[in-house]
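Heads up: the structure comes next, in structure tokens.
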Amino acid sequence: MPDDTWLKEMRSVALEPDVITHSAIIYGYARYEDWNKALMLLGHVQHEGIRPTLVTHSTTAVAARRKWPWAGFVLHQMQQLATQPDIQALSTLQSTYEQSNQWTLAAHLFKTFNLRNRRP
């Protein structure tokens, strides 16, 4: 698991971190482009039996935006958990594919999710 100092500190004062806490920490990793820690924490969330939200997944996708296979993995996980990706998550993934010259994947994503008609 990534640096879990915050989580340990919360537990030391009898606070149990929830999905919002984990999403906030993932946001911090995304902000500093630490995709590896963001993905590890997403895995930890699921291992702990906490159901990730759309925000948790979208933020993790943002963290992994420079590593297109991992960003695609996050989308796949969302679909496995029946979480409908929002326009932010899809736009992040679309941009990731385009910047990585993954044109076939970008076109497939556009077609599959009908991005032309989506609104924020």
Side-chain angles (χ1 to χ4, degrees):
M1 189 175 123
D3 179 17
D4 58 352
T5 305
W6 290 101
L7 301 175
K8 285 180 183 176
E9 284 185 31
M10 288 183 71
R11 288 186 175 118
S12 75
V13 293
L15 294 174
E16 193 58 39
D18 60 6
V19 70
I20 296 169
T21 306
H22 287 90
S23 295
I25 295 169
I26 290 172
Y27 173 79
Y29 291 142
R31 188 166 179 202
Y32 291 97
E33 298 185 6
D34 196 338
W35 61 271
N36 193 32
K37 286 183 180 177
L39 286 166
M40 287 176 61
L41 187 54
L42 178 63
H44 174 75
V45 165
Q46 293 172 316
H47 179 74
E48 291 287 313
I50 300 170
R51 183 175 170 85
T53 64
L54 174 61
V55 171
T56 311
H57 281 110
S58 295
T59 306
T60 306
V62 169
R65 70 184 172 272
R66 302 219 190 279
K67 302 290 183 184
W68 69 265
W70 290 112
F73 172 75
V74 172
L75 176 66
H76 177 74
Q77 271 198 327
M78 289 174 77
Q79 292 172 314
Q80 292 294 313
L81 294 171
T83 303
Q84 183 63 30
D86 67 353
I87 192 67
Q88 179 187 356
L90 294 171
S91 295
T92 297
L93 188 55
Q94 183 76 19
S95 176
T96 297
Y97 286 155
E98 290 170 1
Q99 291 173 10
S100 302
N101 294 321
Q102 300 299 318
W103 303 110
T104 303
L105 292 172
H108 178 71
L109 182 71
F110 188 84
K111 181 179 176 184
T112 301
F113 289 97
N114 194 14
L115 293 180
R116 178 177 301 158
N117 297 321
R118 291 237 177 180
R119 301 247 189 264

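Of all heavy-atom pairs between Ile50 and Pro17, the closest is CD1-O, 4.0 Å. His22 approaches Leu41 most closely through the heavy-atom pair CD2-CD1, 3.6 Å. When all heavy atoms of Thr56 and Ser23 are compared, the pair lying nearest together is OG1-OG, 2.5 Å.
Cluster membership check: Leu39 does not share its hydrophobic cluster with Val62, using side-chain heavy-atom separations under 4.5 Å among Ile, Leu, Val, Met, Phe, Trp and Tyr. Taken together through direct or relayed side-chain contacts under 4.5 Å among Ile, Leu, Val, Met, Phe, Trp and Tyr, Val55 and Ile26 form parts of separate hydrophobic clusters. Taking hydrophobic clusters as Ile, Leu, Val, Met, Phe, Trp and Tyr residues chained together by side-chain heavy-atom distances below 4.5 Å, Leu75 shares a cluster with Leu105.
Atom NE2 in His108 sits 8.5 Å away from atom OH in Tyr97 (nearest 0.5 Å). Put simply, CD on Gln94 and CD on Gln102 are 12.0 Å apart, with the number rounded to the nearest 0.5 Å. How far CG of Asn36 is from NZ of Lys67: 9.5 Å, rounded to the nearest 0.5 Å. Note: Ile25 CD1 to Met10 CE = 7.5 Å, rounded to the nearest 0.5 Å. Taking CH2 of Trp68 as the start and CZ of Phe73 as the end, the distance is 14.0 Å to the nearest 0.5 Å.
Evaluated for a side-chain contact (heavy atoms from CB on, under 4.5 Å) with Pro52, the options Met78, His57, Gln77 yield exactly one hit, His57. Of the residues listed (Thr60, Leu93, Thr96), the one engaging Arg65 in a side-chain contact (heavy atoms from CB on, under 4.5 Å) is Thr96, and it is the only one.
Within a 6.0 Å sphere centred on CD1 of Ile20, heavy atoms belonging to other residues, nucleotides or ligands number 12 at most.
Using a distance-only test at 3.5 Å, with no hydrogens or angles considered, no donor-acceptor pair links the side chain of Arg66 to the main chain of Trp35. Distance alone, capped at 3.5 Å, places no donor-acceptor pair between the Ser95 side chain and the Ser91 backbone.
Between His47 and His44, the two ring planes are tilted [angle within 30° to 60°].
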Exercise. How far apart are the C-alpha atoms of Leu54 and Gln88, what are their side-chain angles, what is the distance that settles it, and do they pass the side-chain contact (heavy atoms from CB on, under 4.5 Å) test?
Worked result: CA-CA 10 Å; Leu54 174 61; Gln88 179 187 356; over 6 Å; no
